[in-house]
Amino acid sequence: MPKSRIRKKADYTPPPSSKQAANIKLTSRGWVAPVMLALFLIGLAWIVVFYVTETKLPVEALGNWNIVVGFGFIAAGFGVSTQWK
């Protein structure tokens, strides 16, 4: 049986580097951390105030739904945290 020929592969040459790749601007995300922490703290404070005031505050008409509102603020804080780079 005849022996197959071995093909020589061309050496890899990287494309020429350009300065444009180094000039990529990343948008400033300085607002993310303060907003995230604020939402966490608002949610925590909402729940704590609800329990400390024996369900009279922050909104008495909501009743036990105040807990859902507090966790909603906390969940929004986690949602904002996905924007952090």
Side-chain angles (χ1 to χ4, degrees):
M1 184 182 256
K3 195 174 187 182
S4 63
R5 288 189 284 163
I6 299 174
R7 296 183 210 161
K8 184 177 180 186
K9 294 183 179 181
D11 292 333
Y12 174 74
T13 56
S17 64
S18 65
K19 291 286 183 179
Q20 291 177 348
N23 293 335
I24 297 174
K25 290 183 180 179
L26 296 176
T27 58
S28 176
R29 303 281 175 128
W31 59 272
V32 174
V35 171
M36 176 185 65
L37 291 175
L39 287 170
F40 286 156
L41 292 175
I42 290 170
L44 179 65
W46 193 288
I47 294 170
V48 168
V49 167
F50 175 70
Y51 279 116
V52 169
T53 61
E54 296 176 353
T55 71
K56 301 292 185 229
L57 291 175
V59 181
E60 187 175 6
L62 291 178
N64 286 335
W65 284 96
N66 280 302
I67 298 170
V68 175
V69 172
F71 278 113
F73 278 112
I74 294 171
F78 280 114
V80 169
S81 72
T82 63
Q83 299 297 315
W84 197 352
K85 287 188 178 184

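Quick caveat: nothing in here was measured; it's all calculated off a predicted structure. Side chains included, hydrogens not; waters and symmetry mates left out as well; all remaining heavy atoms used.
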Donor-acceptor pairs are to be reported for all side-chain atoms of residues 64-82 against protein atoms at under 3.5 Å, with residues two or more places apart or in another chain.
| residue | atom | partner | partner atom | Å |
| --- | --- | --- | --- | --- |
| Asn66 | OD1 | Trp46 | NE1 | 3.2 |
| Asn66 | ND2 | Val59 | O | 2.8 |
| Asn66 | ND2 | Gly63 | O | 2.9 |
| Ser81 | OG | Phe78 | O | 2.5 |
| Thr82 | OG1 | Gly79 | O | 2.7 |

Side-chain polar contacts of residues 32-40 - donor-acceptor pairs under 3.5 angstrom, sequence neighbours left out - could you list them?
none

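The two residues Thr53 and Val49 come nearest to each other via the heavy atoms OG1-O, 2.7 Å.
Remark: Thr55 engages Phe50 in a side chain to side chain contact (heavy atoms under 4.5 Å, CB included) (not counting sequence neighbours). In this structure Tyr51 satisfies the ring-ring contact (aromatic ring centres under 6.0 Å, His included) test with no other residue, sequence neighbours excluded. Checked against side-chain hydrogen bond (donor to acceptor under 3.5 Å, both in side chains), Gln83 has the following partners two or more places apart in sequence or in another chain: Arg29.
Sorted pairs that involve residues 31-44 and meet side-chain hydrogen bond (donor to acceptor under 3.5 Å, both in side chains), not counting sequence neighbours, are lacking altogether.
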